[in-house]
Protein chains: 2
Amino acid sequence: MSPLREKILSTASHLFQTQGINSTGVDTIVAAAGTTKMTLYKYFRSKENLILEVLEQGHQDFQAWLSEKLNSNTNKPSEKLQKLFDFIEEWVTSPNFRGMGFIKASAEFPSEASPVHQLSSEQSRQFKQYISSLAHEANIQDADGLALQLSLLFEGAVQAEQMIRGSGAMAYAKKAAKILINGAATH
Amino acid sequence: MSPLREKILSTASHLFQTQGINSTGVDTIVAAAGTTKMTLYKYFRSKENLILEVLEQGHQDFQAWLSEKLNSNTNKPSEKLQKLFDFIEEWVTSPNFRGMGFIKASAEFPSEASPVHQLSSEQSRQFKQYISSLAHEANIQDADGLALQLSLLFEGAVQAEQMIRGSGAMAYAKKAAKILINGAATH
DNA sequence: ATCAAGCTATACAGATTAGTATAATCAAAA
DNA sequence: TTTTGATTATACTAATCTGTATAGCTTGAT
């Protein structure tokens, strides 16, 4: 892929996260990326299109990183579920963590008719589905229920971390997750 | 207070929640409220000022409703904590629930220099502090830790409910809350 | 009936937005 | 050296935004 295209994507991702999506103009993006509007509109049909691609890439990066971590560091299915929040914490507290795109995007595009909102909720659904599959492999009875609860903790912790940087929310979310997982496993 | 002023406040609150704050123009607000810009700017110094007042009123309404419910329906401190999420669910699933302002506002105003962001995180802190005081009265050892975990569940559930309306997330958040409360009480 | 206060109507300024049109520049390939 | 393709520079359109200025209307009190 064109390096300029990637530069625009990463610059936009950074600005969207730090300044907000709607508050970040196209002019700001191209200035920060060191290019011009003509080039941006050559690679992206519209600003909405750029937003969608930023979201898509962010989500894929996270999912790929997470499943790779789980597959290479754990063996048994029950172990995967137990270590899930350890890796999530590692991701969230890493220096180049820029927040979860789909959480903020759904807040900035509340209308369900918006393609951005639709992609956001689809990504949230996919993430929950991934946790559910882990819970299912670990023979948890109410796998979907546990997955929903864990995703609530996750989204709440990310939200809290975005609200007050360095709040340590994820550490407590991890503890809560362990309690919920153990509780669900005994049934 | 002037009925027109209140009409503007409630209209703005509704539009901010359904369309987003930054995406809702002042012209849209006055048209929906059946008045004009001149009147709006008579009662509110600026749009930012209006946003702050909408947030303030929404938070006060919620806090007043919740503590009234808890004080009139429960006696023992431990009972308050147990019934907390029952009442929260009642609030969130009520027909005129318009979402929690401070959660979306912090997403739309990510810069910590923004007064809107500052008020949002202050309200989030106050809510967590309220839960903490309940936990403390119930003689929970790590009252602050439990309060943080419960507020994560709360914010995650509201977020999920905003993302996919009628997802039933709050019911599962309630179950998770009971488990965490019981777990913390035995220590 | 006159007056005053509150509200409406409308037009405007100034800034910012997304997106486009046109021309100049630059580098590498033929 | 000439051509080709990619990028830049700049100017522009048309819409939208917050906030203000000016003038007219309406209603209730004196």
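Only this structure's heavy atoms are used, side chains among them; waters, hydrogens and symmetry mates stay out. Order of the sequence lines fixes the chain letters, A, B, ..., with proteins taken first and strands second; residue numbering starts at 1 for each chain.
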(message) I want to check one thing: is the phosphate of D:dG19, taken as OP1 and OP2, less than 4.0 Å away from some side-chain N or O of B:K47?
(response) no

(message) Taking side chain to side chain contact (heavy atoms under 4.5 Å, CB included) as the criterion, tell me which of A:T74, A:L70, A:I181 meets it with A:L81.
(response) A:I181

(request) Measure from CG on B:D27 to P on C:dT17 and round the result to the nearest Å. (result) 18 Å

(message) Distance check, rounded to the nearest 0.5 Å: B:Q149 atom CD versus B:I179 atom CD1?
(response) 12.0 Å

(message) Taking 4.0 Å as the cut-off, does a side-chain nitrogen or oxygen of B:T35 come that near to OP1 or OP2 on C:dT8?
(response) yes

(message) Taking atom NZ as the centre, does B:K178 end up with more than 12 heavy-atom neighbours from other residues, nucleotides or ligands that are less than 6.0 angstrom away?
(response) yes

(message) Against A:Q123, only a single residue in A:Q63, A:Q60, A:H59 fulfils side chain to side chain contact (heavy atoms under 4.5 Å, CB included); can you say which?
(response) A:H59

(request) Return the value, rounded to whole Å, for the distance between atom OH of B:Y41 and atom P of D:dT22. (result) 18 Å

(message) Is A:Y43 close enough to D:dT7 that one of its side-chain N or O atoms is under 4.0 Å from OP1 or OP2 there?
(response) yes

(message) Does D:dT7 have OP1 or OP2 under 4.0 Å away from a side-chain N or O of A:K42?
(response) yes

(request) Report the distance from atom CG of A:L50 to atom C1' of C:dG19, rounded to the nearest whole Å. (result) 14 Å

(request) State which of C:dT10, C:dT20, D:dG19 makes the closest approach to the side chain of A:M38. (result) C:dT20

(message) Could you tell me how far apart A:L40 (CG) and D:dT7 (C1') are, to the nearest whole angstrom?
(response) 13 Å

